[in-house]
Amino acid sequence: VQLQASGGGLVQAGGSLRLSCTASGRTFSDYAMAWFRQAPGREREFVASITYRGGTTDYADSVKGRFTISRDNVKNTLYLQMNSLEPEDTAVYYCAADRTWSPSRRARRNFTSWAHWGQGTQVTVSS
């Protein structure tokens, strides 16, 4: 599956952005999906994940209550609605896909568990 992320940009603290990730090449609903982010000098970190039809979601504590992950299997698109953005949210955001939804939350939150990656989209939050 090929993934293309978009929707990043520059926003003031307290603002909102919606990221999109469009999939092609395979049946989108066969894949669990996730968002990760990476700030300069830091490891890639888990943001949120969602099961094949969206029935289950998982969020990092740092974004819970502010970010919402969702998917549209008709449009082959994954979304990340980001509200109440903070300067600490500044990073390159990546979408990821894998055929397996690991039963281990720890594994799902590890970027090495995800096989397919988009190219990343930059989010910059100014204070």
Side-chain angles (χ1 to χ4, degrees):
V1 64
Q2 290 78 48
L3 304 174
Q4 180 77 31
S6 62
L10 173 65
V11 64
Q12 288 189 332
S16 298
L17 280 175
R18 187 176 80 157
L19 306 183
S20 299
C21 174
T22 302
S24 61
R26 291 290 186 267
T27 302
F28 184 56
S29 59
D30 285 347
Y31 291 84
M33 301 294 297
W35 289 99
F36 285 76
R37 65 187 182 186
Q38 188 165 18
R42 300 187 64 176
E43 285 193 353
R44 192 166 297 191
E45 67 170 355
F46 170 78
V47 175
S49 60
I50 189 167
T51 49
Y52 310 96
R53 286 167 176 76
T56 299
T57 57
D58 182 30
Y59 294 92
D61 288 345
S62 59
V63 307
K64 196 174 296 183
R66 300 188 298 122
F67 291 10
T68 302
I69 188 172
S70 62
R71 65 190 296 164
D72 185 331
N73 286 350
V74 173
K75 296 182 178 179
N76 293 342
T77 303
L78 173 74
Y79 301 102
L80 184 69
Q81 177 66 44
M82 305 186 295
N83 298 328
S84 302
L85 282 161
E86 303 168 352
E88 293 75 22
D89 296 316
T90 295
V92 177
Y93 283 70
Y94 298 91
C95 54
D98 201 277
R99 287 185 175 272
T100 300
W101 175 263
S102 172
S104 164
R105 187 172 73 167
R106 182 175 182 176
R108 293 198 303 269
R109 294 183 174 197
N110 188 322
F111 71 89
T112 64
S113 297
W114 297 83
H116 308 281
W117 291 86
Q119 85 290 0
T121 184
Q122 176 71 48
V123 172
T124 303
V125 184
S126 63
S127 57

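Quick note: numbers below take in every heavy atom, side chains included, and nothing from hydrogens, waters or symmetry partners. This structure is a prediction, so every number in the text was calculated from the model and none was measured.
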Fill in: ILVMFWY network linking V1 to F36, side-chain heavy atoms under 4.5 angstrom
no
Worksheet item: Considering all heavy atoms of both residues, which atom of S84 and which atom of D89 are nearest to each other, and what is their separation?
Response: O-OD2, 4.4 Å
Worksheet entry | Nearest non-hydrogen partners of V63 and V47, listed with the distance | CG2-O, 3.5 Å
Item to complete: Determine the minimum heavy-atom distance between S126 and L10, stating which atoms define it.
Response: CB-CD1, 4.4 Å
Discussion item. Within this structure, what is the CH2-SG distance for the pair W114 and C95, rounded to the nearest 0.5 Å?
Written reply: 11.0 Å
Fill in: Pairs touching residues 3-27 that satisfy side-chain hydrogen bond (donor to acceptor under 3.5 Å, both in side chains), sequence neighbours left out
S16-N83
Response to the item:
dist Q81:CD -> I69:CD1 (nearest 0.5 Å) comes out at 12.5 Å
Worksheet item: Any side-chain heavy atom of M82 sitting closer than 4.5 Å to one from V123?
Response: yes
Worksheet entry | V74 side chain reached by F28 side chain, heavy atoms, under 4.5 Å | no
Worksheet item: Quick one: do R109 and D58 make a salt bridge, cutoff under 4.0 Å?
Response: yes
Worksheet entry | Under the side chain to side chain donor-acceptor pair (under 3.5 Å) test, residues paired with E45 that sit two or more places apart | R37
Worksheet item: More than 12 heavy atoms of other residues, nucleotides or ligands under 6.0 Å from OH of Y59: is that the case?
Response: yes
Worksheet item: Hey, what do you get for CD1 (I50) to OG1 (T56), rounding to the nearest 0.5 Å?
Response: 9.0 Å
Fill in: Of all pairs that satisfy ring-ring contact (aromatic ring centres under 6.0 Å, His included), the ones with a partner from residues 82-102, not counting sequence neighbours
none
Worksheet item: Considering all heavy atoms of both residues, which atom of W117 and which atom of R44 are nearest to each other, and what is their separation?
Response: CE3-NH1, 3.3 Å
Fill in: Nearest heavy atoms of N73 and S29, plus distance in Å
ND2-CB, 3.4 Å
Practice prompt. Report the residues that fulfil side chain to side chain donor-acceptor pair (under 3.5 Å) with E88, sequence neighbours left out, ordered by chain and then residue number.
Written response: none
Discussion item. Donor-acceptor check, side chain of W35 to backbone of Y79, threshold 3.5 angstrom: yes or no?
Written reply: yes
Discussion item. Rounded at 0.5 Å granularity, tell me how far OG1 in T90 sits from CD in Q122.
Written reply: 7.5 Å
Fill in: All side chain to side chain donor-acceptor pair (under 3.5 Å) counterparts of N110, not counting sequence neighbours
T112
Worksheet item: For the atom pair CZ (R71) and OH (Y31), what is the distance rounded to the nearest 0.5 Å?
Response: 11.0 Å
Worksheet item: Per the side-chain contact (heavy atoms from CB on, under 4.5 Å) rule, which among T51, T77, L78 passes with M33?
Response: L78
Worksheet entry | Qualifying salt bridge (charged side-chain N to carboxylate O under 4.0 Å, His left out) pairs, either residue in residues 113-127, two or more places apart | none
Discussion item. Testing the basics here: between C21 and L3, what is the closest heavy-atom pair and its distance to 0.1 Å?
Written reply: SG-CB, 3.9 Å
Discussion item. Quick one, F67 and L85 - any side-chain contact, counting heavy atoms below 4.5 Å?
Written reply: yes
Practice prompt. Please confirm whether the backbone N or O of A91 pairs with a side-chain atom of Q38, one donor and one acceptor, at under 3.5 Å?
Written response: no
Worksheet item: For the hydrophobic clusters of this structure (ILVMFWY residues joined by side-chain heavy atoms under 4.5 Å, transitively), does one cluster hold both L80 and V92?
Response: no
